[in-house]
There are 2 protein chains.
Amino acid sequence: MLAEFLKKSFDKYFNAPIEAWEEFSELCEPISFEKDEIIKSQNTTEKYFYFIIKGSAGIFLWKENNFVCLDFAFENSACCDYMSLLTKEPTELEVVALEKSEMVKISRENFYELGKKSIGQIIMKISAEDSFIEKQKQQIELLTKSSKERYEILQRKFPDIHQRIAQKHIASYLGITPQSLSRIRNTAN
Amino acid sequence: MLAEFLKKSFDKYFNAPIEAWEEFSELCEPISFEKDEIIKSQNTTEKYFYFIIKGSAGIFLWKENNFVCLDFAFENSACCDYMSLLTKEPTELEVVALEKSEMVKISRENFYELGKKSIGQIIMKISAEDSFIEKQKQQIELLTKSSKERYEILQRKFPDIHQRIAQKHIASYLGITPQSLSRIRNTAN
DNA sequence: GAGAATAATTACCAAATGGTAAAAAATCAA
DNA sequence: TTGATTTTTTACCATTTGGTAATTATTCTC
């Protein structure tokens, strides 16, 4: 059940037999979050790797008097303070559920335990590599696109984002103020 | 010789015996580049992972009528179009030597060959993880710091960058025009 | 459902940055 | 070295974005 869900979600990255995913599932714990519930707070060390079954989450960073969103995560994708999980160091990043969510979590210890088996190796490798690629794409957008273009790209990537995520979070992700995003949205063409 | 150099460069990340690095070195080829020589051109697939012994390089992306720099790399660090190396797909990224440089390169095939031995596994894992962390830090700077602050952070990271790298490349890395960087540099305090 | 709290929109002006252009400085190449 | 090319600086104005504040809309809570 969970194993099938995971297999489907990861099939675009690599193919592993269902047995491997069953083995993975056994180390996962289901967990639920309410909207706005903090999954990992600032200045703590990430202990878990989460996978979203239903709902959404954001990675936030406090800046002056606002939160800035570094990433959104929806169904069928991973979500955690990956930097902290990798370095085992606390970070200022906060992970927050943005909707009522159902997830599974796997502890760092179990994650690394899995690393000794082939499925874990592949997941860890894909996670790190894919995370890098996504981050580099974000950097490219910030450096080469206007805020309006970045908004359009985000909408194409997550067509229902505006129905699910507060505009102020979207604005912070784009690197602009909510007022600017409002202007962009209300500009013709 | 090369093995010792590599070992020293990577010791901050993980410890491997000199023998492992000797094994690694055997798969490396030395290669030199002139200033401004293209290491990997746009719309090609990256074939090599480079390690800089001396000199520097930049990862560039064409934007309208200028190049934008995504990353600088100096001595003791890796340099390549890592996204393309991982995906085996061509990208629009260009890798350029920014000074007369001495590097060693290892082909993707040999890199993955090494993956079967423990040293390769660790290098690949560290490369992906560290690349992600650096990219996320860049994203955080772009989203939460002013261009002046970003310039100061870059100067602290690479104190001699202004002596080695053209200001237009630094400006593009910071996400601003050369004129803006010139103004920032000539502003008191 | 009513009131309170939060979020989004709009307007206004200030600040930062972009774009064009020209001059000065630095670098390159014969 | 000298002239050509490229880079950096400066100046000017246009555009974008930020910040404050007030209004409207939405969401939350009882």
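So that the names make sense, note that chain A is the first sequence line, chain B the second, and so on, each numbered from 1. Since this is a predicted model, take the numbers as computed values, not measurements.
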Using a strict 4.0 Å threshold on nitrogen-to-oxygen distance, state whether [X] and [Y] make a salt bridge.
X	Y	answer
A:Glu134	A:Lys157	yes
B:Glu129	B:Lys125	yes
A:Glu109	A:Lys88	no

Respond yes when some side-chain nitrogen or oxygen of A:Thr177 is under 4.0 Å from OP1 or OP2 of D:dT17, and no when none is.
-> no
In terms of ring plane angle, is the pair A:Phe60 and A:Phe67 parallel, tilted or perpendicular, where the classes change at 30° and 60°?
-> perpendicular
Parallel, tilted or perpendicular: ring planes of B:Phe10 versus B:Tyr13, cut at 30 and 60 degrees | tilted
Enumerate the protein-to-nucleotides 8-13 of chain D contacts in which both atoms are nitrogen or oxygen and the separation is below 3.5 Å.
residue, atom, partner, partner atom, Å
D:dT8, OP1, B:Gln167, N, 2.6
D:dT8, OP2, B:Lys168, N, 3.0
D:dT9, OP2, B:Gln167, NE2, 2.3
D:dT9, OP2, B:Ser182, OG, 3.1
D:dT9, O5', B:Ser182, OG, 3.1
D:dT10, OP2, B:Asn186, ND2, 3.0

With B:Glu34, which residues qualify under side-chain contact (heavy atoms from CB on, under 4.5 Å), at least two apart?
-> B:Glu37, B:Lys100
Between [atom2] on [N] and [atom1] on [X], what's the gap in Å once rounded to a whole number?
X	N	atom1	atom2	result
B:Ile184	C:dA15	CD1	C1'	13 Å
A:Arg164	D:dT26	CZ	P	21 Å
A:Leu142	D:dT17	CG	C1'	15 Å
A:Ile170	C:dT9	CD1	P	10 Å
A:Ile176	C:dA8	CD1	P	12 Å
A:Asp36	D:dT29	CG	P	9 Å
B:Asn66	C:dG19	CG	C1'	11 Å

Is [Y] close to [X] at the side-chain level, that is, under 4.5 Å between some pair of heavy atoms?
X	Y	value
B:Ile59	B:Val96	no
A:Met83	A:Glu46	no
A:Arg108	A:Lys47	no

In degrees rounded to 10°, what angle is found between the helical axes fit to the five outermost pairs at each end of the helix from C:dG1-D:dC30 to C:dA30-D:dT1?
-> 60°
Aromatic A:Tyr48 / basic A:Lys105 pairing, under 6.0 angstrom, 45° off normal = yes
If you look only at pairs with a residue in residues 19-31 of chain A, which of them pass as a salt bridge (Lys or Arg N to Asp or Glu O under 4.0 Å), with sequence neighbours excluded?
-> A:Glu23-A:Lys117
Between [X] and [Y], do the side chains contain an N or O donor and an N or O acceptor separated by less than 3.5 Å?
X	Y	value
B:Glu99	B:Ser56	yes
B:Thr91	B:Lys40	yes
A:Arg150	A:Tyr173	no

In B/S/- notation, 5' to 3', how is nucleotides 24-30 of chain C contacted by protein heavy atoms closer than 4.0 Å?
-> ----S--
Here the residues of residues 54-62 of chain A within 4.0 Å heavy-atom distance, strictly under, of DNA chain C are none
Which is true for A:Ser147 with a 4.0 Å heavy-atom rule: it touches a base, it touches only sugar-phosphate, or it touches nothing?
-> sugar-phosphate
